[in-house]
Amino acid sequence: MSAVVITHPGRPRKLAILWIAPLQAASLFTVWAITAGGEILRSWLLTATMCLMTLPLLVGLEGTLLAMMLFEPLRGLLRRGQYLIVDYTAQDPIHLLTPIVTFIALVALLRKEKLNIF
């Protein structure tokens, strides 16, 4: 009995450690935002929250809808918590997160369905 073994050369790993670079940059920016405080920290936290809410779009639309459903009840708590680091403003950018994520989800849905839903 004989066996034929075919070996394929593996794909060369193109800097497998490269995924660490954005993580390190985000960590460095977080430390800088904490030390700077105020508006920079609030904008970084709101940006991170929006990224966390849109990240489930990579899996499906339902994940983003679930993320928004979890975020909305906590928005009041987060809004009051941010007043520990910034002054009160009537035009609070935290109110824009859900409409922005909704618009991004709508664009992803229209792109996926190619206007067939209309």
Look at the side-chain heavy atoms of Ile, Leu, Val, Met, Phe, Trp and Tyr, link any pair under 4.5 Å apart, and say whether [X] and [Y] land in one connected group.
X: Leu110; Y: Ile100; value: yes
X: Trp32; Y: Leu41; value: no
X: Leu55; Y: Leu61; value: no
X: Leu57; Y: Val107; value: no
X: Tyr83; Y: Leu74; value: no

TODO: Step by step, work out the side-chain contact (heavy atoms from CB on, under 4.5 Å) result for Thr98 and Phe103.
DONE: CA-CA 9 Å; Thr98 304; Phe103 182 72; over 6 Å; no

For the atom pair [atom1] ([X]) and [atom2] ([Y]), what is the distance rounded to the nearest 0.5 Å?
X: Leu46; Y: His95; atom1: CG; atom2: NE2; answer: 10.5 Å
X: Thr64; Y: Leu52; atom1: OG1; atom2: CG; answer: 11.0 Å
X: Met53; Y: Leu65; atom1: CE; atom2: CG; answer: 10.5 Å
X: Arg75; Y: Leu77; atom1: CZ; atom2: CG; answer: 12.5 Å
X: Ile40; Y: Arg42; atom1: CD1; atom2: CZ; answer: 12.0 Å

TODO: Without swapping roles, check the side chain of Thr54 against the backbone of Val101 for a donor-acceptor pair under 3.5 Å.
DONE: no

Open item on the list: Looking at Gly76, is its backbone amide N or carbonyl O close enough to the side chain of Arg80 to form a donor-acceptor pair, meaning the two atoms are under 3.5 Å apart?
Closed with: yes

TODO: Run through Thr30, Thr49, Ile34 and flag the one making a side chain to side chain contact (heavy atoms under 4.5 Å, CB included) with Trp44.
DONE: Thr30

Open item on the list: I need the minimum non-hydrogen distance between Met50 and Leu97, along with the two atoms involved.
Closed with: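 Residues Met50 and Leu97, closest heavy atoms: CB-CD2, 3.8 Å.
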
Task: Glu62 side chain reached by Pro56 side chain, heavy atoms, under 4.5 Å - done: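 Pro56 vs Glu62: side chains apart.
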
